[in-house]
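For reference, the structure is listed below as structure tokens.
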Amino acid sequence: RMSQKKNVELLVLAAELNDLMGNSTAAYDNISMILQAQPNSKPALKLLVKTACKLGKFEDALPIQDKLVQLSSASETRALLDQRGEIELSLLKAKTLDSKAFRASLDDMLKRHKDFAPALEEIAKIEADAGNYDTAVKLLSRAFKTSANLQVLKTLADTLVKQGQPERAI
């Protein structure tokens, strides 16, 4: 690997093999070498983001994801921004925040990513835990409208049942 620092195909293969074998640190190193040779390689940047997240390096993944957004076409931007939101959310969860700080961070995230379903789900969970089922239902409805995720719909139905409105769940 070290003698072939400029052989991008070999480094990609090595990164993929290391990732398959569960050696994310070596995969991360291989991808970093690829980016030294080709700093705007979108496949390598995507793989680096994925590997950084596997390693819990969410703060490292964010600027790489930002670079991907800059390099992307208009049709790719929305999906990449959603992925950035997922990384931000993972970072928030990894930090030890009290519930108020976590909620404030989620609210800030929604200012940047207006209808980001995972953040809406997290806020709905907080609201439901506090017994604010009406608010949780509104948030989950909004999350489902933007994501069409059936798991969100199930959570919404469960919340309606807890709220004593099983007929609305159907």
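Bear in mind the structure is a predicted one, so any value in this text is a computation, not a measurement.
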ask   = For Phe58 and Ser90, which heavy atoms make the closest approach, and how far apart are they?
value = CE2-CB, 3.5 Å

query = Under 4.0 Å between a Lys/Arg side-chain N and an Asp/Glu carboxylate O for Lys111 and Asp107?
reply = no

Check against side-chain contact (heavy atoms from CB on, under 4.5 Å), Asn40 and Lys67 = CA-CA 8 Å; Asn40 292 330; Lys67 185 171 184 175; 3.0 Å; yes

key: Arg103 vs Glu122 side-chain heavy atoms within contact, under 4.5 Å   = no

ask   = Nearest heavy-atom pair of Ala119 and Met109: which atoms, and what distance?
value = CB-SD, 3.9 Å

query = When rounded to the nearest 0.5 angstrom, what is the spacing between CD1 in Ile123 and CZ in Arg142?
reply = 8.0 Å

remark   = Scanning both residues in full, the closest heavy-atom pair of Ser147 with Val152 reads OG-CG2, 4.0 Å

request  = Report the C-alpha distance between Gln83 and Val49 in whole Å, list the side-chain angles of each, state the deciding distance to 0.1 Å, and finish with yes or no for side-chain contact (heavy atoms from CB on, under 4.5 Å).
outcome  = CA-CA 10 Å; Gln83 289 169 358; Val49 167; over 6 Å; no

ask   = Would a hydrophobic clustering, with Ile, Leu, Val, Met, Phe, Trp and Tyr connected at side-chain separations under 4.5 Å, put Leu10 with Tyr28?
value = no

remark   = Result for side-chain hydrogen bond (donor to acceptor under 3.5 Å, both in side chains) between Asn30 and one of Asn23, Thr25, Asn18, Asp19 points to Asn18

task = Give the cluster check for Leu91 versus Leu55: same hydrophobic cluster or not, with ILVMFWY residues linked at side-chain heavy-atom distances below 4.5 Å.
result = yes

query = Taking C-beta and beyond as the side chain, do Val12 and Pro43 meet within less than 4.5 Å on heavy atoms?
reply = no

Donor-acceptor pair, side chain of Gln65 and main chain of Leu80, under 3.5 angstrom = yes

ask   = Between Leu81 and Phe116, is any pair of side-chain heavy atoms under 4.5 Å apart?
value = no

ask   = Which heavy atom in Ala27 sits nearest to a heavy atom in Ala15, and how many Å separate them?
value = CB-O, 3.4 Å

task = Would you mind reporting whether Leu153 and Leu150 have side-chain heavy atoms less than 4.5 Å apart?
result = yes

inquiry  = Can a donor-acceptor pair be found, under 3.5 Å and without considering hydrogens, that links the side chain of Thr146 to the backbone of Ala143?
reply    = yes

inquiry  = So that I can tick it off, tell me whether Arg112 and Glu88 are bridged by a salt bridge, with the cut-off set at under 4.0 angstrom between side-chain N and carboxylate O.
reply    = yes

query = Between Asp134 and Lys138, is there a side-chain N and carboxylate O pair less than 4.0 Å apart?
reply = no

key: Distance-only side-chain donor-acceptor flag, Thr51 / Ser24, under 3.5 Å   = no

key: Test side-chain contact (heavy atoms from CB on, under 4.5 Å) applied to Phe102 and Ile126, step by step   = CA-CA 10 Å; Phe102 184 60; Ile126 293 167; 3.8 Å; yes

Over 12 foreign heavy atoms within 6.0 Å of NZ, Lys154 = no

message = Within the supplied structure, the quantity of interest is the number of heavy atoms (other residues, nucleotides, ligands) at a distance under 6.0 Å from Glu76 CD; does it exceed 12?
response = yes

inquiry  = Please report the interatomic distance CG(Leu120) to CG(Leu140), rounded to the nearest 0.5 Å.
reply    = 8.5 Å

ask   = For the residue pair Pro39 and Leu45, what are the closest heavy atoms and their distance?
value = O-CD1, 4.1 Å

hydrophobic_cluster_shared for Leu71 and Leu47, side chain cutoff 4.5 Å = yes

query = Side chains of Asp82 and His113: does their closest heavy-atom pair fall under 4.5 Å?
reply = no

inquiry  = So, taking the atom named NZ in Lys42 and the one named OG in Ser73, what distance separates them when rounded to the nearest 0.5 Å?
reply    = 5.5 Å

key: Leu48 vs Ser32 side-chain heavy atoms within contact, under 4.5 Å   = yes

message = Between Leu13 and Met33, is there shared hydrophobic-cluster membership here, with clusters defined by ILVMFWY side-chain heavy atoms closer than 4.5 Å?
response = no

task = Report yes if some heavy atom in the side chain of Leu106 is under 4.5 Å from a heavy atom in the side chain of Leu89; otherwise report no.
result = yes

ask   = For Tyr133, is the NZ or CZ atom of Lys162 found under 6.0 angstrom from the centre of its six-membered ring and inside 45 degrees of the ring axis?
value = no

request  = Could you grab the distance from atom CG of Asp115 to atom CG of Leu139, nearest 0.5 Å is fine?
outcome  = 10.5 Å

key: Non-hydrogen side-chain atoms of Gln151 and Glu121 separated by less than 4.5 Å   = no

ask   = Would Ile31 and Leu62 show up in the same hydrophobic cluster when neighbours are defined by side-chain heavy atoms closer than 4.5 Å?
value = yes

task = Show the numbers, then the answer: is there a side-chain contact (heavy atoms from CB on, under 4.5 Å) between Glu16 and Met21?
result = CA-CA 9 Å; Glu16 289 171 346; Met21 295 183 340; over 6 Å; no

request  = Might you point out which heavy atoms bring Ala136 and Ala124 nearest each other, and give the distance in Å?
outcome  = CB-O, 3.5 Å

ask   = Is there a donor-acceptor contact under 3.5 Å from the side chain of Gln38 to the main chain of Leu35?
value = no

